Structure formats: structure tokens, C-alpha cells
Amino acid sequence: MEHIVVIGAGQAGASLVAKLRMLKFEGQITLIGEEPVPPYQRPPLSKAYLLGDMTKERLYLRPTDYYDEQNITLRLNARVERIDTASREVHVADEVIAYDQLVFATGSTPRKLPAQIGGALDGVFTVRDLADVDAIAGPINKGGHVLIVGGGYIGLEAAAVAAKKGLKITLVEMNERILQRVACAETSTYFRALHKENGVDLREGVGLDHLIGEGHVSGAKLTDGSTLDVDFVIVGVGIAPADNLAKDAGLKIENGIWTDTFGQTSVPNIWAAGDCASFSWRDAQIRLESVQNAIDQAELVAENILGAQKAYDPKPWFWSDQYDIKLQIAGLNTGFDQIAVRNTDGGLSHWYYAGETLLAVDAMNDPRAFMVAKRLIEAGKSPAADVVSNPETELKDLLRA
């Protein structure tokens with residue numbers, strides 16, 4: 001009986017094993033996770049869960065008895081030490097698990113501050129998994145002054161939660177503006193104003209020089225020479241693909257674990273999906289760090305393991321909740337050279353163009369603009385930028401054009 005082993009019990013791993021059973025695969029399935037809890041949603045961690053609006057059990061992707069019912073062996077608190085690709089064996093502590101097909105769904109890891117600038121002090125947190133957020137809950141509920149390092153979505157979401165909790169907040173972003181790596185200047189401007197309205201001391205073009213403290217962080221010196229007294233620090237400076245295990249096993253690494261258009265890695269019988277995996281798209285080897293990609297790519301790999309031979313054609317979309325604003329993003333804005341701003345009573349949206357081609361949209365509390373733009377992008381349609389920015393234009397008419 002064929003045995004499929006999946007390393008990584010996050011969104012991608014959980015989606016893949018569920019899809020295998022949905023497709024009537026009757027062989028053995030083993031899902032291996034390092035955390036002590038079953039697969040769960042990550043996006044609410046830095047939002048509803050940290051605010052206390054969601055219980056731990058509501059985070060779980062499936063009821064805890066689902067895996068037994070589906071005859072899926074769920075190995076929690078288990079760390080894979082190495083993989084022998086020649087003998088097709090996964091080594092977990094003192095156990096050796098043989099596989100016929102192996103999937104890497106190892107996700108990503110948060111980038112941390114170097115120890116030499118205080119990154120190893122107590123009271124310095126990243127926001128990636130349940131343990132991280134549980135650790136933050138104590139100080140964030142206690143109050144005080146929090147320093148947030150990084151003005152990407154994780155940092156801004158953490159700032160929004162801290163503001164709702166009534167903390168004093170300083171956020172530093174070493175780039176010229178927040179969201180500089182992922183969004184246009186117009187979107188940065190919108191969220192800068194939003195956070196300042198909510199009391200965040202937001203400093204752009206200012207980085208962290210080093211943290212101060214004996215054992216526990218007590219302060220910070222910034223690159224502009226100023227110093228702060230702080231009670232704790234939240235670091236949101238990006239993530240990296242969790243590909244070390246694959247690299248040690250001899251798999252090709254290129255912006256994460258390299259896969260072809262079917263999700264197959266450079267080693268036979270080994271696949272990859274989710275944050276850890278890169279794939280060919282528009283002449284580049286890219287990774288998509290999103291829930292939707294983790295689900296779609298994992299389900300495609302499940303089909304291809306069973307012989308479907310389907311190529312991956314991603315339809316990217318993302319979201320971020322900050323205060324009472326829901327930002328919804330469709331498409332990828334890489335290479336844009338023009339922004340069409342649509343501002344109506346229904347909401348605000350920024351439409352990204354490369355020449356006359358619509359690439360992506362950022363929609364702030366504007367679900368209609370998001371849905372229409374998403375359908376246009378997926379259909380390869382590009383309405384003129386001046387038509388989009390005209391508030392008199394009926395968005396639904398763009399789909400019929």
C-alpha cells in the first residue's frame with residue numbers, strides 16, 4: 001500500500017492530505033508537524049486571536065477527530081531530523097518512516113533580529129505561530145510601551161491590535177515608507193494616516209540600531225540617534241522559506257524549494273507546496289506567501305501525486321485587517337508603472353497598471369472593487385485606467401466589456 005508522507009502540518013499540509021482523501025486515495029497518509037496542536041489558521045493569530053476575539057479551538061482547520069476519521073496519521077510535536085532520498089526514509093527522533101511519495105509543506109520562518117543588537121533579549125517577539133502569539137498576549141494585555149520593528153503587514157496588524165489594547169506604540173520602518181516592498185505610495189499614505197489617527201508614533205526612514213537591556217529588553221536606540229524606553233518589542237521584518245531540511249536532503253533550492261509547474265521538486269517522488277515552494281511564473285521562479293496559494297498549490301500537488309499532471313496557474317489574492325479597515329488585494333503588482341485611484345462612496349481602491357495592462361488592486365473596505373478587479377485580472381481584461389478612476393463608472397459594466 002502506497003505511503004504518502006507530508007512534512008509540515010500547516011495550511012498547505014492540512015489541505016493536501018484532505019484533498020488526497022477527497023480524491024479517494026486509500027493508501028497510508030502521515031502528516032508530521034513540529035507544533036503540539038493540530039493544523040490551524042495563521043492569519044487570525046495577529047488579529048482576532050491576539051485581541052481575544054477568537055478561541056484557540058476556533059483556529060483549528062478541522063475538528064481534532066477528523067484525522068482519525070480519515071485514517072490520517074497526525075504526528076505532532078515531531079521534528080524531522082533528516083531525509084534519506086535514496087532509501088526514501090524520513091528520520092524523526094528514533095523512528096524511521098518509509099515513504100513512497102514525500103511532500104514538503106514546511107512553510108516559512110520569521111526573520112529575527114541578530115543577537116548582537118539585542119535580538120535574543122527576553123521581551124523580543126516575532127509573530128508567526130501560536131506559541132509566538134501566546135507569548136505576546138501577556139505583555140500586550142499588561143500594557144506599556146511597545147516598539148514595533150517593521151512596517152509591513154505583520155507590523156501594522158500588530159500595531160492595530162496594540163492600539164485597540166490602549167498601549168503606547170512606536171513603529172519604525174527603515175525604508176522611506178511603510179509597505180514599500182509590497183504596495184504603492186498611495187496605499188502607504190492611506191495606512192500611514194490610519195495609524196497616526198489611532199495614536200501610533202510611526203517613524204519612516206528610521207531603523208533600529210540596537211536594543212538595550214540586561215536579560216530583558218528595556219529600551220532601544222534608533223538609527224536617527226534617538227532612544228526609547230520600551231516594555232517589549234514586536235519584530236515584523238519578513239519571513240524566509242523553511243527550506244533547510246530540503247537543502248540538506250539535496251533538493252534544488254531557488255527562492256525556496258524549487259518545483260516545476262506540477263509541484264515536483266528536483267528529486268523524484270518528492271513534492272513541495274505553500275510558502276516553502278517556488279514555481280515558474282511569467283519567466284521567474286516566485287513564491288507566494290498567502291493562505292490561498294498554500295491551499296491551491298497543495299490541492300494541485302495532491303492531484304498530481306495521483307497522476308493528474310495539472311500545471312499550476314495561480315490566482316493570487318491576499319488580505320489584511322487593521323482597525324475597522326479590511327484591505328483586500330488581488331493580483332501581483334510587480335512591474336507596475338501607473339496607479340488608477342478609484343474613490344467613491346462605496347470605498348477606496350488603487351488599481352495597478354503596467355502600461356495598459358491591469359496587474360493588481362488594493363481595495364480598502366471596497367469588496368465590490370476587489371471582486372470585479374479579481375475577475376478582470378483572471379480573465380486577462382484591462383479596462384482603461386481613466387475609466388476605472390471615474391467614480392461614475394459602474395464596475396459591473398467592466399466585466400461585460
Side-chain angles (χ1 to χ4, degrees), residues 34-37 42-47 49-52 56 79 107-175 178-181 195 198-242 244 275 289 320 322:
E34 290 191 0
E35 296 183 65
V37 292
R42 291 188 189 274
L45 289 177
S46 58
K47 310 175 186 75
Y49 182 74
L50 187 54
L51 275 171
K56 185 178 295 184
R79 182 179 179 84
S108 53
T109 57
R111 300 185 189 278
K112 298 184 178 183
L113 297 179
Q116 57 265 36
I117 66 167
L121 290 170
D122 290 339
V124 180
F125 304 99
T126 54
V127 183
R128 189 60 185 164
D129 60 25
L130 190 56
D132 290 336
V133 177
D134 283 344
I136 293 171
I140 210 167
N141 286 314
K142 183 179 179 181
H145 186 188
V146 57
L147 170 65
I148 298 175
V149 182
Y153 289 120
I154 288 294
L156 294 178
E157 288 169 2
V161 171
K164 286 188 175 183
K165 292 284 189 178
L167 277 74
K168 180 180 179 181
I169 307 153
T170 302
L171 185 149
V172 295
E173 168 53 59
M174 65 184 299
N175 288 317
I178 58 171
L179 301 176
Q180 183 165 316
R181 186 178 66 86
H195 282 274
N198 282 275
V200 177
D201 178 6
L202 199 158
R203 307 186 188 186
E204 295 164 297
V206 177
L208 172 68
D209 185 80
H210 65 273
L211 297 175
I212 301 165
E214 295 292 333
H216 192 286
V217 66
S218 59
K221 182 175 181 180
L222 307 182
T223 55
D224 63 359
S226 63
T227 59
L228 305 170
D229 293 327
V230 301
D231 296 291
F232 66 105
V233 178
I234 297 176
V235 180
V237 292
I239 59 178
N244 285 340
D275 282 8
E289 300 166 355
S320 175
Q322 298 171 43

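Throughout, numbering of the chain's residues begins at 1 and tracks the sequence. Remember, predicted model here, so these are calculated numbers, not experimental data. The basis for the numbers below is simple: all heavy atoms, side chains too, and nothing from hydrogens, waters or symmetry mates.
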Quick one: closest heavy-atom pair of [X] and [Y], and the distance?
X	Y	result
Glu173	Gly151	OE1-N, 2.7 Å
Ser226	Arg203	OG-NH1, 3.5 Å
Glu157	Ser320	OE2-OG, 2.7 Å
Val124	Gly118	CG2-O, 3.9 Å
Gly155	Leu171	O-CD1, 3.8 Å
Asn141	Ala137	ND2-O, 2.8 Å

[atom2] on [Y] to [atom1] on [X], rounded to 0.5 Å:
X	Y	atom1	atom2	value
Asp132	Thr126	CG	OG1	4.0 Å
Lys47	Arg42	NZ	CZ	12.5 Å
Ile148	Ile169	CD1	CD1	6.0 Å

Item to check | Within-4.5 Å side-chain heavy-atom neighbours: Val127 and Leu50 | outcome: no

Checklist entry - Quick one: are Asn175 and Glu204 in side-chain contact, heavy atoms under 4.5 Å? => result no

Item to check | Audit row: Val235, Leu208, side-chain contact (heavy atoms from CB on, under 4.5 Å) steps and yes/no | outcome: CA-CA 11 Å; Val235 180; Leu208 172 68; over 6 Å; no

Checklist entry - For Thr170 and Val230, what are the C-alpha separation, side-chain angles and deciding distance, and is it a side-chain contact (heavy atoms from CB on, under 4.5 Å)? => result CA-CA 9 Å; Thr170 302; Val230 301; over 6 Å; no

Checklist entry - Is it true that Asp275 and Arg128 make a salt bridge, defined as a side-chain N closer than 4.0 Å to a carboxylate O? => result yes

Item to check | Glu35 with Lys56: basic N within carboxylate O range, under 4.0 Å | outcome: no

Tell me if the [atom1] atom of [X] is crowded by more than 12 foreign heavy atoms within 6.0 Å.
X	atom1	answer
Lys165	NZ	yes
Lys221	NZ	no
Asp229	CG	no

Next on the checklist: As a test of understanding, state which of Val133, Leu51, Asp231, Leu167 forms a side chain to side chain contact (heavy atoms under 4.5 Å, CB included) with Ile140.
Outcome noted: Leu167

Item to check | Donor-acceptor contact below 3.5 Å, side chain Asn198 vs main chain His195 | outcome: no

Next on the checklist: Between Asp134 and Tyr49, is the side-chain contact (heavy atoms from CB on, under 4.5 Å) condition met? List the steps.
Outcome noted: CA-CA 9 Å; Asp134 283 344; Tyr49 182 74; 2.6 Å; yes

Checklist entry - When you look at Ile154 and Ile239, which way does the side-chain contact (heavy atoms from CB on, under 4.5 Å) test go after all the steps? => result CA-CA 10 Å; Ile154 288 294; Ile239 59 178; over 6 Å; no

